[in-house]
There are 2 protein chains.
Amino acid sequence: MEQKIIDLLKRSNLSITDSRKKILESFFQEDSALAHADIENHVGQDFDRVTIYRTLQTFVDKGIIHTIPTPDNAVLYALCKDSCSAGHHHDNHVHFICDNCNKTFCLEHVVVPAVHMPVGFAASQIDMVVSGICNYCNATT
Amino acid sequence: MEQKIIDLLKRSNLSITDSRKKILESFFQEDSALAHADIENHVGQDFDRVTIYRTLQTFVDKGIIHTIPTPDNAVLYALCKDSCSAGHHHDNHVHFICDNCNKTFCLEHVVVPAVHMPVGFAASQIDMVVSGICNYCNATT
DNA sequence: TACACTATTGCAACTATGTTGCAAAATGTT
DNA sequence: AACATTTTGCAACATAGTTGCAATAGTGTA
Ligand SMILES: [Zn+2]
Ligand SMILES: [Zn+2]
Ligand SMILES: [Zn+2]
Ligand SMILES: [Zn+2]
């Protein structure tokens, strides 16, 4: 884990700092997307709020994580897959929000479907967010 | 206009107040979705910030307007079509955000396409937000 | 390892956004 | 007009996010 994180930071041309390691750790330990508050809980009192904001922004810029738009306008972050790089995200997958456990997941293998635009409108990016019951919650009820 | 607004409020079982009239007016005058700040600008100093928040919430509850999730997590509101009623929205259309003029539109006639969920996931609601260049901006450049 | 250079962090202060309780004012009904 | 009910404004609070700057930590080089 430790080494995997260090490699990722090096590959992204980022210096290895305690906060970056700890914050990345949060993402590798959780399979779902994280809100700023989740990360604050995970890293505890170790780092300043501001550091977390700046670190997350850095990770987004470097293509390490991506943000997820949600209907209730909370900001969520999740790890990007390898195809993302600095200044160029390739996150065209669908996101799923569970109404029961309230977790948000990247459905890596579900590509956002095409949609026919009215005349005059040119689409450059499409976000799709699905809510419902996740596979874990469906299995345990 | 005035009469149209009064009728809409009566139909929704809401009392006719100055703030509700003025805020609804904002929506009828604009063809694009409005942020809280836009409405604050439109109504000027006439009403308190809190009143605007509460009025918008009331309108959402009554099925008069709906919220639009955006990738940058701003809250936007737009008029619902007639099929929406108190406690039951029917807004399954695609939303479009123009990268040029920065306005957001309801594409009333573009229905959110179906998407195939992985095993175990049950979808109950789907939001699709497209960004790009709108028809007005494409026509004038 | 020590040094110098640069990048990162913490702090404090600030802005923006949204919420709550309560008394005053406006609305609808009789 | 008088009453009961909603709605509004105010003040205070809560949460989220940003900025400038000085202190600190990380990196590459000698
Ligand atoms: Zn779930
Ligand atoms: Zn994702
Ligand atoms: Zn436009
Ligand atoms: Zn809409």
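Per chain, numbering begins at 1; letters A, B, ... match sequence-line order. These numbers come from a predicted model, not from an experiment.
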Can you check whether N100(B) reaches C134(B) side chain to side chain, under 4.5 Å on heavy atoms?
no
Separation of dG9(D) atom P from Q45(B) atom CD, nearest Å, is 12 Å
Scan N13(B) against the nucleic acid and name what it touches under 4.0 Å (heavy atoms): base, sugar-phosphate only, or nothing.
nothing
For DNA chain C, whose closest nucleotide is more 5', that of Q57(B) or that of T17(B)?
Q57(B)
Considering every strand and a 4.0 Å limit on heavy-atom distances, what is the contact class for R20(B): base, sugar-phosphate, or nothing?
sugar-phosphate
What is the first contacted nucleotide of DNA chain C and what is the last, in 5' to 3' order, if contact means an atom lying under 4.0 angstrom from a heavy atom of chain B?
dT17(C) to dG28(C)
Do H95(A) and H66(A) come within less than 4.5 Å of each other through their side chains, counting heavy atoms only?
yes
With hydrogens left out and only the distance checked, is there a donor-acceptor pair under 3.5 Å joining R49(B)'s side chain and the base of dG9(D)?
no
Note, F28(B) side chain near L79(B) side chain (heavy atom, < 4.5 Å):
yes
NZ of K10(A) versus C1' of dT27(D): gap in Å, rounded?
11 Å
If each of E40(A) and F47(B) is mapped to the nucleotide of DNA chain D with the nearest heavy atom, which maps nearer the 5' terminus, i.e. the 5' end?
F47(B)
Are V110(A) and P118(B) close enough that some pair of their side-chain heavy atoms sits under 4.5 Å apart?
yes
Taking OH from Y53(B) and P from dT15(D), how many angstroms apart are they, rounded to a whole number?
15 Å
Between the first and last five pairs of the helix from dT1(C)-dA30(D) to dT30(C)-dA1(D), the angle of the axes, rounded to 10 degrees
30°
DNA chain C: 5'-proximal contact among I16(B) and R54(B) (nearest heavy atom)
R54(B)
Just to be sure I understand the rule, does S19(A) reach a base, reach only the sugar-phosphate, or reach nothing, if contact means heavy atoms closer than 4.0 Å?
sugar-phosphate
Short side-chain N/O contact to dG9(D) OP1/OP2 from T51(B), under 4.0 Å:
yes
Testing the basics here: between P69(A) and V129(A), what is the closest heavy-atom pair and its distance to 0.1 Å?
O-CG2, 3.1 Å
How many Å lie between CD1 on I23(B) and C1' on dT7(D), as a whole number?
12 Å
Run the numbers on D46(A) and D18(A) for side-chain contact (heavy atoms from CB on, under 4.5 Å), then give the verdict.
CA-CA 9 Å; D46(A) 296 352; D18(A) 289 348; over 6 Å; no
Walk me through it: do F27(A) and I65(A) pass the test side-chain contact (heavy atoms from CB on, under 4.5 Å)?
CA-CA 9 Å; F27(A) 284 103; I65(A) 61 178; 4.2 Å; yes
Just checking, any donor-acceptor pair under 3.5 angstrom between side chains of H42(A) and E30(A)?
no
Aromatic centroids of Y53(B) and H36(B) separated by under 6.0 Å
yes
